[in-house]
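These notes concern the structure reproduced below.
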Amino acid sequence: MAWIRRHVLAIVAFLVLFYMLLPNMVVILFSFNKPNGRYNYQWTQFSLDAWLNPCGAPGMCSALGLSLQIGIIASIAATILGTAVAFALGRYRFKGRAGTNLLIFMPMATPEVVMGSSLLTLFIALGIPTGRTTILIAHIMFCLSFVVVTVKARIASLDPRLEQAAADLFANEYQTFTKVTLPLVAPGIAAGALLSFSLSFDDYIITNFNASPASVTFPMYVWGAAQRGTPVQINVIGTVMFLASLLIVGAAQLVGSRRARVA
């Protein structure tokens, strides 16, 4: 009992982490399954068929490519715009700053059904046909808020004395920004970009409102496939995305620990 009391926090953290990752473990396990029917919900036998032919399900790889394309473009655009807005809100005082902060949080607090239907109404009123363009606009809009919040938090934690020291060493504004400020804010920018890509790639509700029959993203494909049969290749793609996320997080932690040791 004494050992349990000393390690109760670690035990609880491990159980919570196990609970959170349990669905991912199921996805990984069933990516090696070979179901007898259309539905991959019951373990039958071990097989590598889905891994050897990940595009075997008709239309899945095209949907995956569209999601990756939109996710990359949306995350880049949202990161550039969101970083600029974060610097403006974090460094300057101007009229309407409080209202701007409120507007930044509104897309994060608005239910996706409301946001998706509102965007669809706007596009119809403007005569913009739904498809890739409308999906991209919608994704940039809701990813922008997350980038602003993430980068702004990083800017607020910066020590202003570092920039003052750079100015004392005769660095101009451009040199101070590129050599001091930007490297310090870079982790927040990277976090905002990764969060934007994850939100864009994973989104279904807003995308479904603003998509066309010819612009089916991967989440939409998964939803549609679940109605008539779930290909094992879906689990393969999910496993690859999960492992890629772990690899990125692990690499970031490794780089951070090495920099901390050097410092």
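As a basis for the values below, the full set of heavy atoms in this structure was taken, side chains included, without hydrogen atoms, waters or symmetry mates. If you're wondering where the values come from, they're calculated on a predicted model, not measured in any experiment.
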**Q.** Within 6.0 Å of CG in Leu9, more than 12 heavy atoms from elsewhere
**A.** no
Q: Check the surroundings of atom CD in Gln227: do more than 12 heavy atoms from other residues, nucleotides or ligands lie under 6.0 Å from it?
A: yes
Q: State whether the side chain of Thr110 and the backbone N or O of Met106 hold a donor-acceptor pair below 3.5 Å, judged by distance alone.
A: yes
Q. How about Ile137 and Phe123: do any of their side-chain heavy atoms sit closer than 4.5 Å?
A. yes
Q) Shortest non-hydrogen contact from Thr83 to Val147? A) N-CG1, 4.0 Å
Q.
Tell me whether Gln69 at atom CD has more than 12 heavy atoms from other residues, nucleotides or ligands lying less than 6.0 Å away.
A. yes
Q. Any chance OH of Tyr41 has more than 12 other-residue heavy atoms, nucleotides or ligands included, within less than 6.0 Å?
A. yes
Q: Could you state whether Phe105 and Met141 fall into the same hydrophobic cluster, counting links through intermediate Ile, Leu, Val, Met, Phe, Trp or Tyr residues with side-chain heavy atoms under 4.5 angstrom apart?
A: yes
Q. So, for Ala193 and Ser75, which heavy atoms are closest and what is the spacing to 0.1 Å?
A. O-CB, 3.7 Å
Q | Pairwise side-chain contact, Val232 with Pro35, heavy-atom cut-off 4.5 Å (strictly under) | A | yes
Q: Say whether Phe18 and Leu246 are linked into one hydrophobic cluster, either directly or through other cluster members, by side-chain heavy-atom distances under 4.5 angstrom.
A: no
Q.
Working note: Leu89 + Val148, criterion side chain to side chain contact (heavy atoms under 4.5 Å, CB included); need CA distance, chi angles, decisive distance, verdict.
A. CA-CA 9 Å; Leu89 294 175; Val148 172; 4.1 Å; yes
Q.
Over 60° means perpendicular and under 30° means parallel, so tell me whether Trp223 and Tyr204 are parallel, tilted or perpendicular.
A. tilted
Q: May I ask you to check whether Ser212 and Ser215 show a side-chain donor-acceptor distance below 3.5 Å?
A: yes
Q) Is any side-chain heavy atom of Ile76 closer than 4.5 Å to a side-chain heavy atom of Ile73? A) no
Q: Assess whether side chain to side chain contact (heavy atoms under 4.5 Å, CB included) is satisfied between Ile189 and Leu182, documenting all intermediate values.
A: CA-CA 9 Å; Ile189 297 175; Leu182 188 59; 3.9 Å; yes
Q) Where do Phe209 and Thr134 land on the side chain to side chain contact (heavy atoms under 4.5 Å, CB included) test, with the steps shown first? A) CA-CA 10 Å; Phe209 273 101; Thr134 54; over 6 Å; no
Q. Above 12 or not: heavy atoms from other molecules or residues under 6.0 Å from CZ of Phe46?
A. yes
Q) Side chains of Phe242 and Met25: does their closest heavy-atom pair fall under 4.5 Å? A) yes
Q. Hey, does Gln233 have a side-chain heavy atom less than 4.5 Å from the side chain of Cys55?
A. no
Q: Check whether any side-chain N or O of Arg154 sits under 3.5 Å from a backbone N or O of Thr150 as a donor-acceptor pair, and report yes or no.
A: no
Q.
With rounding to the nearest 0.5 angstrom, report the CD1 to CD1 distance, Ile234 to Ile237.
A. 9.5 Å
**Q.** Close aromatic pair by centroid cut-off 6.0 Å: Phe94 and Tyr92
**A.** no
Q: Tell me, yes or no, whether the heavy-atom count around Tyr39 atom OH, taken from other residues, nucleotides or ligands under 6.0 Å, exceeds 12.
A: yes
Q. Under a 4.5 Å side-chain heavy-atom rule over Ile, Leu, Val, Met, Phe, Trp and Tyr, are Phe32 and Val236 clustered together?
A. yes
Q: State, yes or no, whether a side-chain contact exists between Arg91 and Leu158 at a heavy-atom distance under 4.5 Å.
A: yes
Q) If you look at every heavy atom in Ile104 and Val149, which pair is closest and at what distance? A) CG2-CG2, 4.4 Å
Q.
Which heavy atom of Ala166 sits nearest to which heavy atom of Thr176, and what is that distance?
A. CB-OG1, 3.9 Å
**Q.** Side-chain donor/acceptor of Gln175 to backbone N/O of Asn172, under 3.5 Å
**A.** yes
Q. What class does the angle between the rings of Phe201 and Phe197 fall in, given that below 30° is parallel, 30 to 60° is tilted and above 60° is perpendicular?
A. parallel
Q.
Quick test of your reading of the model: are Lys179 and Glu163 salt-bridged, counting only N-O distances below 4.0 Å?
A. no
Q. Which is it for Ile124 and Thr121 under the side chain to side chain contact (heavy atoms under 4.5 Å, CB included) test, yes or no, and what are the steps along the way?
A. CA-CA 5 Å; Ile124 292 176; Thr121 303; 5.9 Å; no
Q.
Nearest 0.5 angstrom please: Ile140 CD1 to Leu136 CG, how far?
A. 4.0 Å
(Q) Any non-hydrogen side-chain atom of Asn33 less than 4.5 Å from a side-chain atom of Ser47? (A) no
Q. Considering all heavy atoms of both residues, which atom of Met20 and which atom of Pro23 are nearest to each other, and what is their separation?
A. O-CD, 3.5 Å
Q) If you round to the nearest 0.5 Å, how far is OG1 of Thr100 from NZ of Lys95? A) 12.0 Å
(Q) Can you confirm whether Leu119 sits close enough to Phe142 that some side-chain heavy atom of one is under 4.5 Å from a side-chain heavy atom of the other? (A) no
Q. Considering the options Cys61, Pro231, Ser67, Ser62, which one meets the side-chain contact (heavy atoms from CB on, under 4.5 Å) requirement together with Tyr221?
A. Pro231
Q.
Is it true that, when you exclude Gln42 itself, more than 12 heavy atoms of the residues, nucleotides or ligands shown sit nearer than 6.0 Å to its CD?
A. no
Q. Going by atom types only, do His139 and Thr207 share a side-chain donor-acceptor pair under 3.5 Å?
A. yes
(Q) For Leu194, is there any backbone N or O sitting under 3.5 Å from a side-chain donor or acceptor partner on Ser198? (A) yes
Q) Shared ILVMFWY cluster between Leu103 and Val85, side chains joined below 4.5 angstrom? A) no
Q. In Å and rounded to the nearest 0.5 Å, what is the OG1 to CZ distance from Thr239 to Phe30?
A. 12.0 Å
**Q.** Same apolar cluster: Leu199 and Met115, side chain cutoff 4.5 Å
**A.** yes
Q. Are Phe87 and Phe177 an aromatic pair by the rule of ring centers under 6.0 Å?
A. yes
Q: State whether the side chain of Asp49 and the backbone N or O of Lys34 hold a donor-acceptor pair below 3.5 Å, judged by distance alone.
A: no
